[in-house]
Amino acid sequence: MPDGKQRHFPGPVTGAEIAAAIGPGLAKAALAITVDGAPRDLATRLSRDATVAIVTATSPEALEIIRHDAAHAMAEAVKELYPETQVTFGPATDTGFYYDFARDTPFTPEDLARIEQRMHEIVDRNEPVTREEWDRDRAAEFFNAIGEKYKAEWIHEIPKDEVISLYRQGNFVDLCTGPHLPSTGKLGHAFKLMKVAGAYWRGDARNAQLQRVYGTAWANEKELKHYLLQLEEAEKRDHRRLGKELDLFHVQEEAAGSVFWHPYGWTLYRTMEAYLRRRLAAANYAEIRTPQLLDRSLWIASGHWEKFREHMFTFAESDEKTLALKPMSCPGHIQIFKQHLHSYRELPLRLAEFGSCHRNEPSGALHGIMRVRAFTQDDAHIFCMPEQITSETVAFCRLLLSVYRDFGFEDVRVKFSDRPPVRAGADATWDRAEGALKAAVEAAGLPYTMNPGEGAFYGPKLEFVLRDAIGRDWQCGTLQVDFVMPELLDAAYIGEDGQRHTPVMLHRAIFGSFERFIAIVIEHYAGKLPLWLAPVQARVLTITSEADGYAEQVREKLAAAGLRVETDLRNEKINYKVREHSLDKTPLLLVVGKREADDGTVALRVLGGKDQEILALDAAVARLKDKARPPA
RNA sequence: GCUGCCGUAGCUCAGUGGUAGAGCACCCCCUUGGUAAGGGGGAGGUCGUAAGUUCAAUCCUUACCGGCAGCACCA
């Protein structure tokens, strides 16, 4: 048992019997057991010694079982209400569950309400949930006979050495490995159906599209309520909403997938760009700029035409030339590299570009400014010798982590993506690239997880995933080792031996794209940007028009000190102005009335604070100038 | 791209088979008020686009465009 004690039974016992032997309270609370760490049904009969723990609603293993049972209850409800529906898969998720149904008629929101109602009835019926193990062919026959063709199909996919188990509750029988609760009553009522959406059978767009009904499920009502509240909070910090509220940017249908940056949003953008430009310069990158439109021949040579033409915007010209808007900057950077014959002494050569790129993303992929068709990569390519991969990777990892820290992201994970099924280059080249990158990330001292088959077509990559204030993960940075493209496009340097060699190219980005990273920063801070990033850092608010002239002096002094500052001289009450500029998340409010004008002071109120502080104007300017300074 | 839902004033939304309404924002007037909404008045909309049904369409039907959610995609 978890407490280290041993319990002995004369013969085989079930989990339920073990729980009962410990105490009647536990017997009642028991939902399942774990046997040597693996979750099992409460009815599982043990005939050997094992490490056993009783799973109750508070156990970490309980939620997944509850959610999976909720999926079954939903399937049972659907089969009762809409018997013509076929069931397919219904797993637990991080916050609940879903079940994919095959049915010609779409489920309406009213249907969802009915299904949810029926689920509650099923819980109240407290139907026993029982496990049965069936012969494979008999099970397939059974599901075919009851018209569950997807289930019957799936049975043949299950490895031969696995048992075919069915779970029965009421009149509903599902193919399932389990485990499950002992009865539907144990599920409780802390669940809610959320939405219906499309999903492909077995995740493949070529297959039939099913209807996926999503629900959320929790151990108790309190947790459910907490989760629903969290959803509301997440909605409040949605960058699309804040972009509108803070007047940062907009998108409109004539330019789907492109951003209209408003003055405040563009100020934020330029502030971040200026910051990154300083960091790159300090790390010995040279900034360049390459053309937007390039002839098809270059994209054919680079391999993009063959593999990614679908995603490129192309233009046919009258003289039979075809131009393409660049979807990435790498081939352009190689052109600059090729303008000189380079010595190995010049390497590593780091070329950076805030590269404006266009990719024709599928319409369903567009999302605010996070996933767009026109975006700007903080792209750079490091041309180096193979033996420099390690030191360059280590330096890049250090730079990236430091940049992320400056934006308030401390929790960063690294994923290693190796060769994809469709790729350029020989396997030996891939062996070399993957080996070098692995050695480098290990030298950087960063733990990483594998992401098999997810590399770029020209090489393996590291992906840097940061976690935001509400626990969501975002992949932003990347570093990719490329032995292929420099060769395809004939980049070369002269080595110590006087011979021509092909350099290795490291593709790397920290933000990924400005648009996406800005969206992440906005959501991370819920719009309450740190002082150095705020588009308007300070506002001078007048109490009466008598202070207008003085307010203008205050503004000028702050502006001269480098702050972004505006005045609000409107004929409104100070309450109104404080409220308005608290809602628009101005970090600093400087209130001035007759008293301040006479004394040469300001009343400083910091966003989120309740009080104000009276300061001499010069002292305030000195202090705020210091506080508003960007990092590094 | 696929499935479902949605598209009404600058914004958030209500509404009806007989050509529209609220709050906020905007403009004007009164108010000069000391830290999260002072009062009054006014202006503002070919109801996403195009066809169709109908005596009559913002409302019903279809297509298209765009948005949202999910799936697929993300070099």
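Just so it is clear: chains get the letters A, B, ... in the order the sequence lines come, proteins before strands, and each one is counted from 1.
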Self-check item: Candidates B:G1, B:U35, B:G70 - which lies nearest the side chain of A:K195
Solution: B:G70
Exercise. Look at the side chain of A:H367 and decide which nucleotide, out of B:C74, B:A75, B:A69, has an atom nearest to it.
Key: B:A69
Quiz item: Quick one: which of B:G4, B:A75, B:U35 gets closest to the side chain of A:P106?
Solution: B:G4
Quiz item: What interatomic distance, in whole Å, is found between P of B:A56 and the corresponding atom of B:U19?
Solution: 15 Å
Quiz item: If you draw the axis of the six-membered ring of A:Y82, does the NZ or CZ of A:R103 fall within 45° of it and under 6.0 Å from the ring centre?
Solution: yes
Exercise. In whole angstrom, give the distance that lies between atom CE of A:M312 and atom P of B:C74.
Key: 16 Å
Quiz item: Is B:G21 paired to anything, Watson-Crick or G-U wobble with both distances less than 3.5 Å, and if yes, which nucleotide?
Solution: B:C13
Quiz prompt | Pairing partner (Watson-Crick or G-U wobble, both distances under 3.5 angstrom) of B:C26 | solution = B:G42
Quiz item: Nearest to the side chain of A:K244, which nucleotide is it out of B:G70, B:U12, B:A36?
Solution: B:U12
Quiz item: Which whole number of Å gives the distance between the C1' atom of B:G18 and that of B:A25?
Solution: 33 Å
Practice problem: With a 4.0 Å heavy-atom cut-off, tell me which residues in residues 250-261 of chain A come close to RNA chain B, sorted by residue number. | Solution: A:E253, A:A256
Quiz prompt | base_contact_polar (B:C73 base, A:R371 side chain, donor-acceptor, <3.5 Å) | solution = yes
Quiz item: What integer number of Å spans the C1' atoms of B:U53 and B:U3?
Solution: 28 Å
Practice problem: Find out whether the Lys NZ or Arg CZ of A:R202 is both under 6.0 angstrom from the six-membered ring centre of A:W154 and within 45° of the ring's axis. | Solution: no
Quiz item: In terms of the angle between their ring planes, are A:H381 and A:F383 parallel, tilted or perpendicular, with boundaries placed at 30° and 60°?
Solution: tilted
Quiz prompt | From B:U32, B:U35, B:C73, nucleotide with atom closest to A:S545 side chain | solution = B:U32
Exercise. Would you mind classifying the nucleic acid contact of A:G203 as base, sugar-phosphate or nothing, using non-hydrogen atoms under 4.0 angstrom?
Key: sugar-phosphate
Quiz item: Which part of the nucleic acid, if any, lies within reach of A:F107 when heavy atoms closer than 4.0 Å are counted: base, sugar-phosphate only, or nothing?
Solution: nothing
Self-check item: Cation-pi, A:F89 ring and A:K151 (6.0 angstrom, 45 degrees)
Solution: yes
Quiz item: Parallel, tilted or perpendicular: which fits the ring planes of A:W266 and A:W261, with parallel below 30° and perpendicular above 60°?
Solution: tilted
Quiz item: In a check of ring-ring contact (aromatic ring centres under 6.0 Å, His included) between A:H507 and each of A:F483, A:F457, A:Y458, which one passes?
Solution: A:Y458
Exercise. Mind checking A:H311 for me? I need base, sugar-phosphate or nothing, with any heavy atom below 4.0 Å counting as a touch.
Key: base
Exercise. Once you apply the 3.5 Å cut-off to both distances, tell me the Watson-Crick or G-U wobble partner of B:A75, or none.
Key: none
Quiz item: Using 30° and 60° as the class limits, which term best fits the ring planes of A:H68 and A:H72: parallel, tilted or perpendicular?
Solution: perpendicular
Quiz item: How close or far is atom P of B:C11 from atom CG of A:L248, stated in whole angstroms?
Solution: 16 Å
Quiz item: A:N575 has a side chain; which of B:A69, B:C71, B:A37 sits nearest to it?
Solution: B:A37
Quiz item: Which part of the nucleic acid does A:K307 contact within heavy-atom distance under 4.0 Å: base, sugar-phosphate only, or nothing?
Solution: nothing
Practice problem: Look at all strands and tell whether A:P362 reaches a base, only sugar-phosphate, or nothing, counting heavy atoms closer than 4.0 Å. | Solution: base
Practice problem: Take atom P in B:C5 and the same atom in B:A43, then report the distance between them in whole Å. | Solution: 40 Å
Exercise. Check whether any side-chain nitrogen or oxygen of A:K610 sits under 4.0 Å from OP1 or OP2 of B:A36, and answer yes or no.
Key: no
Quiz item: On RNA chain B, nearest-nucleotide positions of A:K461 versus A:L607: which is more 5'?
Solution: A:L607
Self-check item: Within 45° cone of A:F416 ring axis and under 6.0 Å: A:K438 NZ or CZ
Solution: yes
Self-check item: Options B:G70, B:A72, B:G33, nucleotide nearest the side-chain atoms of A:R212
Solution: B:G70
Quiz prompt | Selection from B:G70, B:A75, B:G34 that lies nearest to any side-chain heavy atom of A:Y214 | solution = B:G70
Exercise. Apply the test side chain to side chain contact (heavy atoms under 4.5 Å, CB included) to residues A:N451 and A:E463: give CA-CA distance (whole Å), side-chain angles for both, the deciding distance (0.1 Å), then the verdict.
Key: CA-CA 9 Å; A:N451 211 2; A:E463 290 169 345; 3.2 Å; yes
Quiz item: How close or far is atom P of B:G4 from atom CD of A:E110, stated in whole angstroms?
Solution: 15 Å
Exercise. For A:G459, report the nucleic acid contact type (base, sugar-phosphate, nothing); a contact means any heavy atom under 4.0 Å.
Key: nothing
Self-check item: Same-atom distance (P) from B:C29 to B:U49, integer angstrom
Solution: 36 Å
Quiz item: Taking the side chain of A:R240 as its heavy atoms from C-beta onward, which of B:C68, B:G70, B:G1 lies nearest to it?
Solution: B:C68
Quiz item: What does A:E596 touch in the nucleic acid at a heavy-atom separation under 4.0 angstrom: a base, only the sugar-phosphate, or nothing?
Solution: base
Quiz item: Expressed in whole Å, how much space separates the P atoms belonging to B:G23 and B:A36?
Solution: 25 Å
Practice problem: Determine, for A:W305 and A:R296, whether the Lys NZ or Arg CZ falls below 6.0 Å from the six-membered ring centre while staying within 45 degrees of the axis. | Solution: yes
Quiz item: Which part of the nucleic acid, if any, lies within reach of A:I543 when heavy atoms closer than 4.0 Å are counted: base, sugar-phosphate only, or nothing?
Solution: base
Self-check item: A:R212 NZ/CZ over A:Y98 ring centroid, <6.0 Å and within 45° of normal
Solution: yes
Quiz item: For A:Y576 and B:G39, is the shortest distance between a side-chain N/O and OP1 or OP2 below 4.0 Å?
Solution: no
Quiz item: Which nucleotide, in any strand shown, forms a Watson-Crick or G-U wobble pair with B:G70, with both distances under 3.5 Å?
Solution: B:C2
Quiz item: Whole-Å distance between B:G67 P and A:E361 CD?
Solution: 13 Å
Practice problem: Using whole Å, report how far CD of A:E310 lies from C1' of B:A72. | Solution: 15 Å
Quiz item: Please walk me through it: do A:Y99 and A:F97 pass ring pair (Phe, Tyr, Trp, His ring centres under 6.0 Å)?
Solution: CA-CA 7 Å; A:Y99 212 114; A:F97 60 94; 9.1 Å; no
Self-check item: Interatomic distance at P, B:C60 relative to B:G67, whole Å
Solution: 23 Å
Quiz item: Does B:A63 have a Watson-Crick or wobble partner in any strand here, with both distances under 3.5 angstrom, and which is it?
Solution: B:U49
Self-check item: Check: A:R605 side chain, B:A36 base, donor-acceptor under 3.5 Å
Solution: yes
Quiz item: Base, sugar-phosphate alone, or nothing: which one does A:L583 contact when heavy atoms must sit under 4.0 Å apart?
Solution: base
Exercise. Would you tell me if any nitrogen or oxygen in the side chain of A:T544 comes within less than 4.0 Å of OP1 or OP2 on B:G33?
Key: no
Practice problem: Measure from NZ on A:K573 to P on B:G39 and round the result to the nearest Å. | Solution: 8 Å
Quiz item: Whole Å only: how far is the CG atom of A:D568 from the C1' atom of B:G33?
Solution: 14 Å
Quiz item: Given atom CZ of A:R539 and atom P of B:A36, what is their separation to the nearest angstrom?
Solution: 17 Å
Exercise. Indicate, with a heavy-atom threshold strictly under 4.0 Å, whether A:Y98 touches base, sugar-phosphate, or nothing.
Key: nothing
Quiz item: C1' atom, B:A20 versus B:U46: distance in rounded Å?
Solution: 13 Å
Practice problem: May I ask you to say what A:Y200 touches in the nucleic acid, namely base, sugar-phosphate or nothing, with a heavy-atom cut-off under 4.0 Å? | Solution: base
Exercise. Report the residue (A:P327 or A:A205) whose heavy-atom-nearest nucleotide on RNA chain B is the more 5′ of the two.
Key: A:A205
